[in-house]
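Order of the sequence lines fixes the chain letters, A, B, ..., with proteins taken first and strands second; residue numbering starts at 1 for each chain.
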Amino acid sequence: MTGIGEDITALIPQRAPIIMVDRLESVEGDKAVTSFMVRPDNYFVGAEGQSLAEAGVIEHIAQSASAFSGYRARMAGAADAPVGYIGEVKNFHCFRCPRVNEVLHTTITMGAELEGITIIKGETSVDGEIIADVQMKIFVKPQ
Amino acid sequence: MLLENRYYRIIDRKAEGQDTVFRVALLPDCDIYQGHFPGNPVCPGVCNIETVKECVEILTGKRLFIGFIRQCRLTAVASPDICPWVNVRINCTPAEEGFAVTAKMSDDERVYMEYKGVMKVL
């Protein structure tokens, strides 16, 4: 399937040093799963080099949603990944910060789009342990 | 601090009633803008969230963990071109295991972010 497992820069508009998702693993209906390994040189890993800051977890979830939107846009024939902005972060829980070398798996549930704003839910786990969840409003810039 | 003197720099700090207002410069040469987005520098909302956390850490003298964000509204696009500096207004009261934090990021023109959540002491 186009987009699944492909170079992530085909699906998201962000570029180094702020790429916070590695792969779109699967898409089924309104759900998608992404993966991301926390590397020691990540922008949101502190000087101690031990863990990813909470802001990095939120950005990872937002970019997971962005990859899902990019996948849908490509399936619809778009050449470039759409640029989206976070409009709102709601009920974000972070149970712990992921450590360097851990692999995050995030499930995105995409809600309905209304006037360019999409509500998404994200849940991030490491080896089956849920470490964060959130609802977001994502505003997609008209092409 | 992850982003102090890299993404923002504190240029002033003052108490206003129960609140503390940090005036911060947004640094246009920050490397984050190479990727967010190429040719279209926009402040990542999450960097503004991290900036709020670091201001609260400075204010309280504690290392903190964002355990819960009830609501964070990003109400306008920010960038070093649009807003070379912003005011970060912090209201922070002791709560279970840490602090209840309300924050607002704005300049004379507009409000960029409104934030409500709980930060735990590490």
If you count the non-hydrogen atoms of other residues, nucleotides and ligands that lie under 6.0 Å from [atom1] in [X], is the total more than 12?
X        : atom1 : answer
A:Asp41  : CG    : yes
A:Glu129 : CD    : yes
B:Arg70  : CZ    : no
B:Arg63  : CZ    : no

Inset, instruction - First locate atom NZ of A:Lys90, then atom CD1 of B:Ile69, and finally report the distance between them rounded to the nearest 0.5 Å. - result: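 These two atoms lie 13.5 Å from each other.
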Legend entry - CD1 on B:Ile32 to CD1 on A:Ile18, rounded to 0.5 Å: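 These two atoms lie 4.0 Å from each other.
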Inset, instruction - For chain B, find which of A:Gly56, A:Ala55, A:Ala132, A:Cys97 contributes the most heavy-atom pairs closer than 4.5 angstrom. - result: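 Heavy-atom pairs under 4.5 Å are most numerous for A:Ala55.
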Hydrophobic clustering (ILVMFWY, side-chain heavy atoms < 4.5 Å, transitive) - are [Y] and [X] grouped together?
X        : Y        : value
A:Ile120 : A:Ile130 : no
A:Phe92  : A:Phe139 : yes
A:Val100 : A:Val103 : no
A:Ile119 : A:Val140 : no
B:Val52  : B:Leu27  : no

Between [X] and [Y], what is the shortest heavy-atom contact and its length?
X       : Y       : value
A:Tyr85 : B:Phe37 : CE2-CE1, 3.6 Å
A:Pro13 : B:Pro38 : O-CD, 3.8 Å
A:Gln14 : B:His36 : CG-CD2, 4.0 Å

If I measure from the heavy atoms of chain A, does [X] come under 4.5 Å with its side chain, its backbone, both, or neither?
X        : answer
B:Cys43  : neither
B:Tyr115 : neither
B:Leu64  : backbone
B:Lys53  : side chain
B:Ile49  : side chain
B:Val118 : neither
B:Asn48  : neither
B:Phe68  : both
B:Leu2   : side chain

[X] portion near chain B, given a 4.5 angstrom heavy-atom threshold:
X       : result
A:Ala53 : side chain
A:Gln63 : neither
A:Val45 : backbone
A:Glu54 : side chain
A:Phe44 : both

Taking side chain as C-beta onward, heavy atoms only, is [X] less than 4.5 Å from [Y]?
X       : Y       : result
B:Asp31 : A:Tyr43 : yes
B:Ile66 : A:Ile58 : no
A:Glu88 : B:Gln71 : yes

Legend entry - Contact winner vs chain A - B:Gln34, B:Glu50, B:Arg73, B:Arg6, heavy-atom pairs under 4.5 Å: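 Heavy-atom pairs under 4.5 Å are most numerous for B:Arg6.
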Inset, instruction - Flag the one option from B:Asn40, B:Val42, B:Leu74 with the top tally of heavy-atom pairs under 4.5 Å to chain A. - result: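 Sorted descending by pairs with chain A, the first entry is B:Leu74.
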